[in-house]
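Read the structure below first, then the notes.
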There are 2 protein chains.
Amino acid sequence: MNDIDLIVRPQTAPRKRDADATRAAILDAAKAQFALLGYDCAVLRDIAGDAGVDVALVKRYFGGKEALFLEALKASFGTDGTKEWDRANFGHDTATMLAGSPHRNPDRTQRFQFLLRAATSPTTAPLLSQLVQERFLAPIRHWLGGTAADARARVFAAVYIGCLVERLVRGDALGGAERQAYIARVAGIFAALVADPPEAKETTA
Amino acid sequence: MNDIDLIVRPQTAPRKRDADATRAAILDAAKAQFALLGYDCAVLRDIAGDAGVDVALVKRYFGGKEALFLEALKASFGTDGTKEWDRANFGHDTATMLAGSPHRNPDRTQRFQFLLRAATSPTTAPLLSQLVQERFLAPIRHWLGGTAADARARVFAAVYIGCLVERLVRGDALGGAERQAYIARVAGIFAALVADPPEAKETTA
DNA sequence: CCAAAAAGTCAATGAGCGTTGACATAGCCG
DNA sequence: CGGCTATGTCAACGCTCATTGACTTTTTGG
């Protein structure tokens with residue numbers, strides 16, 4: 001059956017021994033798998049397999065699954081991109097990304113999928129509260145600025161994540177006209193959140 | 001240790017034999033557990049335990065875990081509540097619910113948590129696309145009416161789910177002022193989606 | 001060139017869980 | 001009362017997976 005593997009694998013040079021590189025490879029594979037499958041469904045053997053090493057190294061380098069998860073989570077949020085977000089086109093850009101292909105910004109997509117999966121797994125959700133505060137909400141809150149920044153940041157995060165989930169469920173790509181309407185709506189929401197004082201504020205009492 | 005159980009349990013009458021009631025009890029327990037933990041983390045033995053029966057009955061009545069899940073999912077979306085939603089106060093009511101305690105409308109909360117967990121589990125997500133279309137998006141789309149109803153329904157669902165996730169992660173309750181701002185923002189978004197033609201539509205080109 | 005340590009692999013263990021068939025008991029019908 | 005069937009329980013099997021310790025191979029330093 002998988003004789004193919006047994007034959008093909010050795011072709012690739014048998015991998016220079018390099019602790020740092022191996023550690024990094026495991027961490028990368030872990031980030032991808034955890035983002036794709038979540039903590040519970042991700043399998044250490046597969047992560048190690050993707051990294052091209054044996055499972056036992058996960059223990060040696062990270063200590064265990066949970067520790068690996070935490071490190072991957074922190075690494076995923078280490079480089080936070082709010083700094084380079086473009087204030088003017090932000091709403092439209094983000095909405096477009098959320099409406100369509102994740103290929104435009106795979107890094108950002110993977111980070112947020114990681115967050116989403118971590119948030120919705122009952123195993124890992126408890127670990128998130130603090131980290132989300134520090135590395136996710138705080139930067140957004142700071143980037144947004146203005147009045148009621150915390151509430152706006154939370155709504156922002158909610159809409160963002162929600163769109164992600166919606167796209168996750170939606171199998172087919174969004175059609176032309178509907179897609180435009182979708183983007184317009186979401187862009188409008190983001191724009192309103194970025195522009196601090198809602199001019200046409202009409203909250204039902 | 002759990003002698004307590006052994007002593008206390010028998011106090012409750014030893015359960016009249018009633019296939020329908022038992023089936024219903026299992027289904028109820030399943031709905032709760034699946035909503036709380038998702039498909040992957042929910043454990044049949046616990047579900048059966050909550051229902052007060054043995055695991056084997058799950059097989060007899062439903063065939064297996066996946067079949068039970070599907071039935072629970074359909075049952076959860078069987079009674080769809082869009083009919084009774086109040087159009088005028090909908091935005092504010094829903095935002096208030098999402099901002100705070102789930103105790104106000106536990107049924108609805110459980111239904112949506114079920115949906116959320118099902119959508120974010122890689123195991124069950126593929127099963128959802130069609131069901132979500134039929135029983136979730138379609139009713140909302142119909143309830144919303146007007147132009148670009150599909151896109152608006154999707155955005156609506158996204159925001160709703162997103163707020164749910166946000167609340168899931170947020171440990172502490174939302175403070176007074178922030179809470180008001182949060183509710184106002186979310187209510188505004190919903191209201192704009194309900195009111196079909198966005199009067200002050202200012203999408204960045 | 002050679003040992004010692006670092007880097008990597010292998011196989012076994014044990015826990016958790018879905019599944020399954022044999023067994024027990026209550027309710028019903030003759 | 002006596003057997004039959006629906007209902008419910010029990011114990012065991014098999015699988016997946018994280019963990020772990022013993023083993024092998026590469027690299028390094030003298």
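Nothing here was measured: the structure is a model prediction, and the numbers come from that model. Numbers restart at 1 for each chain; the letters A, B, ... are given by sequence-line order, proteins then strands.
Under the salt bridge (Lys or Arg N to Asp or Glu O under 4.0 Å) criterion, B/E178 pairs with no residue, sequence neighbours left out. For the salt bridge (Lys or Arg N to Asp or Glu O under 4.0 Å) test, no residue two or more places apart in sequence or in another chain qualifies with B/D46. Taking A/Y182 as the reference, nothing meets the ring pair (Phe, Tyr, Trp, His ring centres under 6.0 Å) condition, with sequence neighbours excluded.
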Tabulated below should be each protein N or O lying under 3.5 Å from an N or O of nucleotides 24-30 of chain C; please produce it.
unit_1, atom_1, unit_2, atom_2, d
C/dT25, O2, B/R17, NH1, 2.8
C/dT25, O2, B/R17, NH2, 3.3

Do any N or O atoms of the protein come closer than 3.5 Å to N or O atoms of nucleotides 18-21 of chain D, and which pairs are they?
unit_1, atom_1, unit_2, atom_2, d
D/dA18, OP1, A/A42, O, 3.3
D/dA18, OP1, A/L44, N, 3.4
D/dA18, OP1, A/K65, NZ, 3.0
D/dA18, OP2, A/L44, N, 3.0
D/dA18, N7, A/R45, NH1, 2.9
D/dA18, N6, A/R45, NH2, 3.4
D/dT19, OP2, A/K65, N, 3.1
D/dT20, OP2, A/K59, NZ, 2.9

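Under the side chain to side chain donor-acceptor pair (under 3.5 Å) criterion, the residue pairs touching residues 57-71 of chain A are A/R23-A/E71, with sequence neighbours excluded.
The shortest distance between side-chain heavy atoms of B/V186 and B/M97 does not fall below 4.5 Å.
By the 30° and 60° cut-offs, the orientation of the rings of B/F136 relative to B/F112 is perpendicular. Between B/Y39 and B/F69, the two ring planes are perpendicular [angle over 60°; tilted spans 30° to 60°].
Rounding to whole angstrom units, CG of residue A/D18 and P of D/dT28 are separated by 10 Å.
When each of B/L164, B/I183, B/V159 is checked for a side-chain contact (heavy atoms from CB on, under 4.5 Å) with B/L98, only B/L164 meets the rule.
Counting only heavy atoms from C-beta on, B/L57 has its side chain closest to D/dT9 among D/dT7, D/dT9, C/dG8.
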